[in-house]
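First the structure, in the form of structure tokens, and then the observations on it.
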Amino acid sequence: MSTAEHAETNRRDFLYIATGSVAAVGAALAVWPFINQMNPDASVLALASVEVDLAPIAEGQEITIKWRGNPVFIRHRLPAEIEAAGKVAVSDLKDPLARNANLPDGDPATGANRVVGGKEQYLVMMGVCTHLGCVPIGNEGEYAVVEGNVKHGGWFCPCHGSNYDTAGRIRKGPAPENLHIPQYAYLSDTKIRIG
Amino acid sequence: MSGHASNYQPKSAFGKWFHERLPIMDMVQGQALDFPTPKNLNYFWTFGGILAVMLVIQIVTGVVLVMHYTPHVDMAFNSVEHIMRDVNSGWLLRYMHANGASMFFIAVYIHMFRGMYYGSYKAPREVLWMIGVLIYLVMMATAFMGYVLPWGQMSFWGAKVITNLFSAIPFVGDSLTTMLWGGYSVDNPTLNRFFSLHYLLPFVIAGLVVLHIWALHVVGNNNPTGVSVKSPQDTVPFSPYYTVKDAFAIVIFLMFYAAWVFFAPNYLGHAINYQEANPLVTPAHIVPEWYYLPFYAILRAIPDKLGGVIAMFGSILILFALPWLDTSKVRSGNYRPIFKQFFWLFVLNCIILGFAGSGAPDNYFLSHEAAPPDQWALTYKLVGQISTAYYFAHFLVILPLLGLLETPKPLPASISDAVLAKNHPSTVAVPAE
């Protein structure tokens with residue numbers, strides 16, 4: 001097409017392009033509800049918090065509760081587990097970030113940063129392996145505290161072999177991040193609300 | 001459709017009236033009955049027809065299973081048991097559907113390897129091949145979502161692991177996964193949408209199959225010599241020659257299928273899927289269905305999460321580039337002595353990948369015994385890594401180089417020449433012995 005012809009059809013071209021653009025924007029807007037319907041709905045969001053009494057959990061015991069369809073591990077840790085977790089240098093960790101929803105994003109994964117309010121005896125975290133979402137097995141793996149032939153703390157994911165230490169931090173295997181710590185707060189000394 | 005003009009002549013007055021309004025019988029005659037087809041196709045060419053039959057069987061059994069199934073996390077598992085125990089012939093329909101999926105994949109793998117051996121992806125059949133790869137991708141998605149519907153332990157954890165693959169995508173991964181799930185875990189919204197899509201996608205496949213056959217009928221069939229059709233003497237009409245040959249192969253294949261349905265209906269599945277899904281407990285060992293195992297091995301071979309996901313999807317997407325990665329002008333492996341050996345090595349490697357995907361990563365290969373950590377051992381993971389490297393090397397190194405380095409055998413002048421040379425090696429009469 002020559003420039004002369006092009007100049008002649010300029011106005012029409014503009015109208016075609018303008019009309020086409022409006023149609024494209026309209027189509028994109030119309031698509032949005034069809035995509036957005038896939039996001040979590042109001043009834044799923046409404047189930048977003050749960051309260052747990054920690055008093056009945058004995059030292060060395062772990063319970064699993066269900067929150068937002070996922071398991072949450074609540075472990076009353078032994079002093080040896082807390083000590084083992086505290087001794088590790090952050091530079092030795094595969095994932096140096098705390099992954100604690102109650103702390104700023106960049107905080108380091110020290111033992112103290114893996115819990116809330118300095119209560120290091122209670123470890124509360126998502127029981128969801130950060131690799132592909134399996135539930136790790138407790139008191140297992142290469143980073144548990146070993147007493148005789150009993151393992152305390154530490155998690156091992158059966159799916160692809162990720163090992164987590166006594167603070168739920170990834171130490172070995174394909175998982176990229178420490179086990180996530182959900183948002184939770186102490187309502188009293190031994191009662192928490194998750195979410 | 002193009003490629004062949006029909007000489008359909010309506011015989012009745014109604015036929016003529018109809019033909020002037022919708023010339024569909026014209027198309028049937030031209031494309032299905034009279035379509036000129038190379039006269040030397042072997043039984044590997046019957047798998048297209050077998051696949052069409054399997055698609056129909058899956059759709060028909062699926063539609064009736066839906067009449068008894070409930071897509072809800074509280075009821076899905078029980079409704080499948082209800083199908084097995086209460087519904088008239090429900091066990092048969094479900095076993096046909098579940099084993100039908102495996103048969104579908106067996107047939108599609110033979111069909112794909114056939115295309116790879118005889119160079120059916122080469123010019124002018126690139127688009128035909130690529131539509132085929134697309135069909136295979138949609139098939140995989142369909143089968144995956146179908147496996148989630150019985151809501152057993154393997155359904156649930158398979159769904160969780162596979163959807164979690166998307167969380168490896170940088171930045172948007174987590175929100176994308178939440179969107180796929182419709183929640184914070186695989187749950188009722190996930191089951192519902194998988195059900196919806198599992199019902200939809202087979203019809204998408206049917207649409208793609210129409211395009212696949214259309215593309216086939218534009219360029220015509222490849223054949224075991226890989227030599228293009230040169231004259232009408234090289235072909236026979238599709239019907240009755242290949243309708244009968246296909247029908248015979250279909251019957252044999254259906255016998256094979258029926259043997260599974262009636263004598264080993266659960267052999268290809270996992271016993272733990274008869275345990276209802278439990279979001280709080282992961283089974284000790286998660287494996288996908290057999291037809292995904294090679295890709296699962298590739299996923300696990302890469303120690304990095306995103307890297308594993310890229311390798312797994314890459315292993316399928318690389319098939320789209322196959323027509324350009326194979327640099328040889330000769331189509332058929334029959335005339336490529338070195339390629340032929342590498343082809344069979346590739347097939348063997350795919351089978352090894354399948355085994356590598358079937359066991360716990362840190363166990364000794366083909367054993368249930370755990371290998372000692374931090375010390376060299378031939379584990380499932382190591383075998384998977386070697387085989388993954390070979391898989392990609394086949395496409396990215398071996399095929400491009402072979403085309404340049406290999407000296408092919410002389411090609412026959414035509415399909416007819418090849419057929420005559422095979423059946424009458426010499427025109428001189430050989431005395432009886």
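Labels below follow one simple rule: chain letters A, B, ... track the order of the sequence lines, proteins then strands, and each chain is numbered from 1. All of these numbers come straight from a predicted model, not from anything done at the bench.
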Chain B contact via [X] - side chain, backbone, both or neither, heavy atoms under 4.5 Å:
X: A:Thr130; result: backbone
X: A:Leu45; result: side chain
X: A:Pro176; result: side chain

Output the distance between atom [atom1] ([X]) and atom [atom2] ([Y]), rounded to the nearest 0.5 Å.
X: A:Glu177; Y: B:Lys305; atom1: CD; atom2: NZ; answer: 7.0 Å
X: A:His180; Y: B:Asp174; atom1: NE2; atom2: CG; answer: 7.0 Å
X: A:Lys66; Y: B:Asn278; atom1: NZ; atom2: CG; answer: 8.0 Å
X: A:Met38; Y: B:Arg193; atom1: CE; atom2: CZ; answer: 4.5 Å

Exceeds 12 heavy-atom contacts within 6.0 angstrom, atom [atom1] of [X]:
X: A:Tyr16; atom1: OH; result: no
X: A:Asp105; atom1: CG; result: no
X: A:Lys191; atom1: NZ; result: no
X: B:Phe395; atom1: CZ; result: yes

| query | Under the 3.5 angstrom rule, does the side chain of A:Asn70 hit a backbone N or O of B:Tyr184 as a donor-acceptor pair? | reply | yes

| query | Backbone N or O of B:Gly183 within a donor-acceptor pair of the A:Arg68 side chain at under 3.5 Å? | reply | no

| query | Contact part of B:Asp187 toward chain A, heavy-atom cut-off under 4.5 Å: side chain, backbone, both or neither? | reply | side chain

| query | Side chain, backbone, both or neither: which part of B:Leu299 has a heavy atom under 4.5 Å from chain A? | reply | side chain

| query | What residue, out of A:Pro71, A:Gly69, A:Gly127, A:Gly133, has the most heavy-atom pairs lying under 4.5 Å from chain B? | reply | A:Gly133

| Does B:Ile286 reach the side chain of A:Cys134, with side-chain heavy atoms less than 4.5 Å apart? | yes

| field | Side chain to side chain, B:Lys160 and A:Leu132, heavy atoms closer than 4.5 Å | value | no

| task | Determine the minimum heavy-atom distance between A:Ile65 and B:Leu280, stating which atoms define it. | result | O-CD2, 4.4 Å

| task | Could you pull out the closest heavy-atom pair between B:Thr282 and A:Cys159, with the gap in Å? | result | CG2-SG, 3.6 Å

| note | Comparing B:Pro279, B:Ser185, B:Pro283 against chain A, the one with the most heavy-atom pairs below 4.5 Å turns out to be B:Ser185

